[in-house]
There are 2 protein chains.
Amino acid sequence: MTIATPTRTFDEIAVVLKALADPNRLRILDTLMQGVSCNGELNEWLGLPPNLLSHHLRVLKKAGLITSRRDSVDGRWIYYAVDLDAIALWRTWFGDFFDPDRLQPRCLCGPEGENQTPITNLNLRVSHVTTN
Amino acid sequence: MTIATPTRTFDEIAVVLKALADPNRLRILDTLMQGVSCNGELNEWLGLPPNLLSHHLRVLKKAGLITSRRDSVDGRWIYYAVDLDAIALWRTWFGDFFDPDRLQPRCLCGPEGENQTPITNLNLRVSHVTTN
DNA sequence: AAATTATTTCAACATCCATTGAATTAGTTT
DNA sequence: AAACTAATTCAATGGATGTTGAAATAATTT
């Protein structure tokens with residue numbers, strides 16, 4: 001009964017999803033997926049002002065979705081890149097959580113669900129649910 | 001050059017991700033994944049007040065993630081269920097968007113990226129990017 | 001040292017959003 | 001019709017959030 005993916009609370013998951021749930025951040029992430037980039041280039045590419053980009057990049061970084069490093073020659077440039085491990089992890093999580101095989105279309109309440117076997121804690125996927 | 005998944009703007013995607021980016025809604029969705037359920041049972045199961053549940057269920061429904069129907073015998077009961085097609089669609093989208101194979105770790109700006117081939121519009125995944 | 005470049009930080013604003021308690025609707029039972 | 005039940009709607013509040021313009025850092029170049 002070992003769990004492959006690390007257990008995370010829904011609060012933690014919501015933090016990452018919140019970071020993703022913005023059109024501009026999705027655009028930024030999509031651009032970053034195509035190559036390491038920096039503020040100025042994202043500006044040219046997406047048309048967003050530098051300070052706004054800086055803000056969104058910080059949100060993405062705080063959520064652990066991207067990393068940053070300074071140029072070794074000219075330290076004025078900061079390169080942002082997608083965190084490969086992170087996106088692989090969340091890709092898996094999302095795939096598991098939304099796995100159609102999990103779906104149990106039984107009725108548990110009301111007149112229609114009166115003679116159904118109730119859900120027990122054992123039915124819950126441990127990798128997704130945590131007791132607060 | 002046909003596209004399997006329908007094209008969606010990042011604005012549309014952000015709407016769905018916003019609906020997901022809440023701890024309580026994730027809990028609700030996770031419970032719904034295990035069987036059709038209604039407000040009162042979600043209340044017992046999650047400990048959230050009925051009116052708050054009603055609010056979150058509406059958000060999820062507006063995002064197209066769940067469906068609802070009244071009991072055929074006792075119309076006071078409303079059953080909520082995960083929309084199978086919707087979660088299959090978003091599962092695929094998420095898997096495609098976060099596909100590690102998309103990652104092109106090249107440097108496009110600054111001194112380090114001076115002699116790299118720039119990104120062209122053709123490199124963009126059409127199913128993910130939209131103009132405006 | 002002064003000017004320039006890349007990026008971030010700050011302050012302010014407007015808007016959205018989760019939560020709460022009370023009132024209301026829809027439907028059934030007595 | 002009155003009482004009861006399941007669920008929703010309403011109004012209010014407090015906090016988080018995206019955006020903007022200006023100022024400030026950090027690092028390099030002249």
Side-chain angles (χ1 to χ4, degrees), chain A residues 10-11 14-29 36-63 66-80 107-114, chain B residues 10-11 14-29 32 36-63 66-81 107-114:
Chain A
F10 284 126
D11 297 77
V15 169
V16 176
L17 286 175
K18 264 192 223 298
L20 289 173
D22 178 85
N24 282 335
R25 283 197 289 270
L26 286 173
R27 281 184 261 269
I28 292 170
L29 213 51
V36 181
S37 197
C38 49
N39 196 315
E41 206 202 13
L42 286 168
N43 178 334
E44 289 179 19
W45 198 254
L46 299 171
L48 300 174
N51 55 347
L52 185 54
L53 283 168
S54 197
H55 164 66
H56 286 309
L57 287 167
R58 182 157 71 169
V59 174
L60 289 171
K61 191 179 180 184
K62 198 169 185 178
I66 64 174
T67 58
S68 67
R69 73 166 212 277
R70 290 196 116 94
D71 186 297
S72 54
V73 180
D74 189 335
R76 286 175 298 183
W77 299 73
I78 300 178
Y79 301 119
Y80 287 94
C107 203
L108 299 152
C109 55
E112 295 189 12
E114 226 136 51
Chain B
F10 283 128
D11 297 78
V15 169
V16 176
L17 287 174
K18 264 191 223 297
L20 289 172
D22 179 85
N24 282 335
R25 283 197 288 271
L26 287 172
R27 281 185 263 268
I28 292 170
L29 214 51
L32 257 47
V36 181
S37 198
C38 48
N39 196 316
E41 206 202 15
L42 286 167
N43 178 333
E44 290 179 20
W45 199 253
L46 299 171
L48 300 174
N51 53 348
L52 184 55
L53 282 169
S54 199
H55 163 66
H56 285 310
L57 287 167
R58 182 158 72 169
V59 174
L60 290 171
K61 192 179 179 184
K62 198 169 185 177
I66 64 174
T67 58
S68 67
R69 73 165 212 278
R70 291 195 116 95
D71 186 296
S72 53
V73 181
D74 189 336
R76 286 173 299 184
W77 299 73
I78 301 178
Y79 302 119
Y80 287 94
C107 203
L108 299 152
C109 54
E112 295 189 11
E114 226 137 51

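As the structure is a computational prediction, the values presented were derived from the model and not from experiment. Letters A, B, ... are given to chains in the order of the sequence lines, protein chains preceding strands, and every chain is numbered from 1.
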Close N/O contacts between protein and nucleotides 11-17 of chain D (under 3.5 Å):
none

Approximate separation, where rounding is to 0.5 Å, of [X] [atom1] and [Y] [atom2]:
X	Y	atom1	atom2	result
K18(B)	R25(B)	NZ	CZ	10.5 Å
W45(B)	C38(B)	CH2	SG	13.0 Å
S54(B)	N43(B)	OG	CG	12.0 Å
S72(A)	W77(A)	OG	CH2	13.5 Å

query = Which nucleotide span of DNA chain C, 5' end to 3' end, has atoms closer than 4.0 Å to non-hydrogen atoms of chain A?
reply = dT5(C) to dT9(C)

message = Under 4.0 Å, heavy atoms only, any strand: does D74(B) hit a base, just the sugar-phosphate, or nothing?
response = sugar-phosphate

message = Restricting to side-chain hydrogen bond (donor to acceptor under 3.5 Å, both in side chains), what partner residues turn up for D74(A), sequence neighbours left out?
response = R76(A)

Nearest heavy atoms of A14(B) and L26(A), plus distance in Å = N-CD1, 4.0 Å

Let me know the distance between [atom1] of [X] and [atom2] of [N], rounded to the nearest Å.
X	N	atom1	atom2	answer
L57(B)	dT8(D)	CG	C1'	11 Å
R27(A)	dG18(D)	CZ	P	13 Å
L48(B)	dA7(D)	CG	C1'	15 Å

message = I'd like to know whether CZ of R69(B) has more than 12 heavy-atom contacts from other residues, nucleotides or ligands below 6.0 angstrom.
response = yes

inquiry  = If the cut-off is 4.0 Å, is N51(A) near the phosphate of dG18(D), judged by side-chain N/O to OP1 or OP2?
reply    = no

All side chain to side chain contact (heavy atoms under 4.5 Å, CB included) counterparts of N24(A), not counting sequence neighbours = D22(A), R27(A), L48(A), L52(A), H56(A)

inquiry  = Applying side chain to side chain contact (heavy atoms under 4.5 Å, CB included), can you list everything that pairs with I78(B), at least two apart in sequence or on another chain?
reply    = S68(B), R70(B), Y80(B)

note = Note: for R70(B) and S72(A) on DNA chain D, the residue whose nearest nucleotide lies more 5' is R70(B)

At a cut-off of 3.5 Å, list every protein nitrogen or oxygen paired with a nitrogen or oxygen from nucleotides 3-6 of chain D, distance to 0.1 Å.
residue : atom : partner : partner atom : Å
dT5(D)  : O4'  : R76(B)  : NH1          : 3.3

note = Checking D71(A), N39(A), T67(A) against Y79(A) for side chain to side chain donor-acceptor pair (under 3.5 Å), the one that qualifies is D71(A)

key: Heavy-atom side-chain contact between I28(B) and I66(B) under 4.5 Å   = no

